[in-house]
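I have placed the structure first, in the form of structure tokens, so that the comments after it can refer back to it.
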Amino acid sequence: MALDYGWLHDRVRQRFDSDAAMEAFLPRALAPEELKQLGDDRYLSAMSRRVFRAGMQHSVVDARWPAFEAAFWGFAPETLVLLTPEQLEGFMQDERLIRHRTKLQTIPRNAQFILDIRQEHGGTFAEFIADWPSHDIVGLWRLLARRGARLGGRSAAGFLRLVGKDTFLLTSDVVARLVAAGIVDQAPTSQRDQQRVQEAFNALQQASGRPLCQLSAMLSLTINPRF
């Protein structure tokens, strides 16, 4: 079964007073050239923030993030890949930070991941992310989960959304709509089900010209008008 974009648009439009109000509400993704202008330190910072957000209120993590930026010297991968166990233990004594040892240990590991991608692809990590095609965003999720530290589950998409890369999110409301439409039977954790979801989003994108992030938000609004 397929999702019809005309139905989706009309259903969501009913939630708003005007076309302009609907468009103002929907999220925006950065263009590839904008993503490439971000330093790789911003990607490591966003990765780390997403790791710390997992299982915590996002507002708590976000309130502490300026302290993380200061403590970790702006998240330069070249610097943080050299962190020693002794330095990491020192961060466990810093009351400004969220002192979660396992999550802190992901910072040098993800710094190494970024440097590895640079070496393999002959460019910046920003370019690697920017150039990845939206029609296979679940492939990028899988790569991040496989090679990054604690970037599995919803964290890969959450990280991409933080940096502005176009992606859909598999929130409970989005999943509910996909199930109702017959795309999947349950939350898509298998590679096969994720590919079915990708194909459904690709069809909606082709029909609408909208980025994945907006289509994701629109699907959510058909279930939860307070999204």
Side-chain angles (χ1 to χ4, degrees), residues 30 35-36 38-132 136-171 187-191 194:
L30 296 182
L35 288 168
K36 291 176 183 179
L38 297 176
D40 285 351
D41 58 304
R42 296 303 85 207
Y43 287 86
L44 182 56
S45 176
M47 272 186 200
S48 304
R49 187 188 295 204
R50 176 54 197 158
V51 167
F52 275 89
R53 277 182 170 186
M56 296 192 67
Q57 290 188 354
H58 293 185
S59 60
V60 172
V61 177
D62 294 347
R64 297 283 188 102
W65 211 249
F68 272 82
E69 290 281 354
F72 288 94
W73 309 292
F75 284 95
E78 302 88 345
T79 300
L80 297 188
V81 74
L82 301 175
L83 285 177
T84 66
E86 292 75 20
Q87 286 175 306
L88 286 170
E89 191 59 37
F91 292 123
M92 286 294 296
Q93 312 307 317
D94 190 335
E95 295 183 356
R96 300 173 302 164
L97 308 179
I98 298 168
R99 291 173 288 175
H100 189 299
R101 181 176 281 100
T102 304
K103 291 183 178 183
L104 287 168
Q105 289 169 343
T106 68
I107 295 174
R109 291 172 61 193
N110 281 327
Q112 185 64 64
F113 167 46
I114 288 173
L115 296 179
D116 288 345
I117 291 293
R118 278 190 197 173
Q119 184 175 23
E120 292 166 17
H121 292 271
T124 66
F125 188 80
E127 291 168 340
F128 175 78
I129 294 294
D131 290 338
W132 193 282
D136 182 33
I137 203 66
V138 297
L140 183 54
W141 292 1
R142 288 193 289 269
L143 182 143
L144 289 166
R146 185 175 70 253
R147 300 190 57 181
R150 296 179 74 100
L151 293 177
R154 295 184 179 183
S155 290
F159 154 65
L160 294 176
R161 183 62 67 88
L162 274 176
V163 295
K165 172 72 174 178
D166 190 26
T167 186
F168 53 86
L169 300 178
L170 292 176
T171 65
T189 56
S190 70
Q191 187 169 334
Q194 287 181 359

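All heavy atoms count here, side chains included; hydrogens, waters and symmetry mates do not. Computed from a predicted structure; not experimentally measured.
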*Would you mind reporting whether Leu38 and Phe125 have side-chain heavy atoms less than 4.5 Å apart?*
no

_Counterpart residues, ring pair (Phe, Tyr, Trp, His ring centres under 6.0 Å), relative to Phe75 (two or more places apart)_ = Trp65, Phe72

_Residues forming a ring pair (Phe, Tyr, Trp, His ring centres under 6.0 Å) with His100, sequence neighbours excluded_ = none

*Nearest atoms (heavy-atom pairs only) where Tyr43 meets Leu35*: OH-O, 2.8 Å

Contact list for [range], test salt bridge (Lys or Arg N to Asp or Glu O under 4.0 Å), sequence neighbours left out:
range            : result
residues 99-113  : Glu89-Arg101
residues 70-80   : Glu78-Arg118
residues 142-157 : Glu120-Arg147

_Nearest 0.5 Å, please: how far is CD1 in Ile129 from CD in Glu127?_
11.5 Å

*How long is the span from the CG atom in Leu80 to the CD1 atom in Ile107, to the nearest 0.5 Å?*
7.0 Å

*Which residues share a salt bridge (Lys or Arg N to Asp or Glu O under 4.0 Å) with Arg64, sequence neighbours left out*: none

*Quick one: does Ser48's side chain have a donor or acceptor within less than 3.5 Å of a partner on Leu44's backbone?*
yes

_Backbone of Ala149 reached by a side-chain donor or acceptor of Asn110 within 3.5 Å_ = yes

*Which of parallel (below 30°), tilted (30 to 60°) and perpendicular (above 60°) describes His121 and Phe128?*
tilted

*Taking atom CD of Gln93 as the centre, report whether more than 12 heavy atoms of other residues, nucleotides or ligands fall under 6.0 Å from it.*
yes

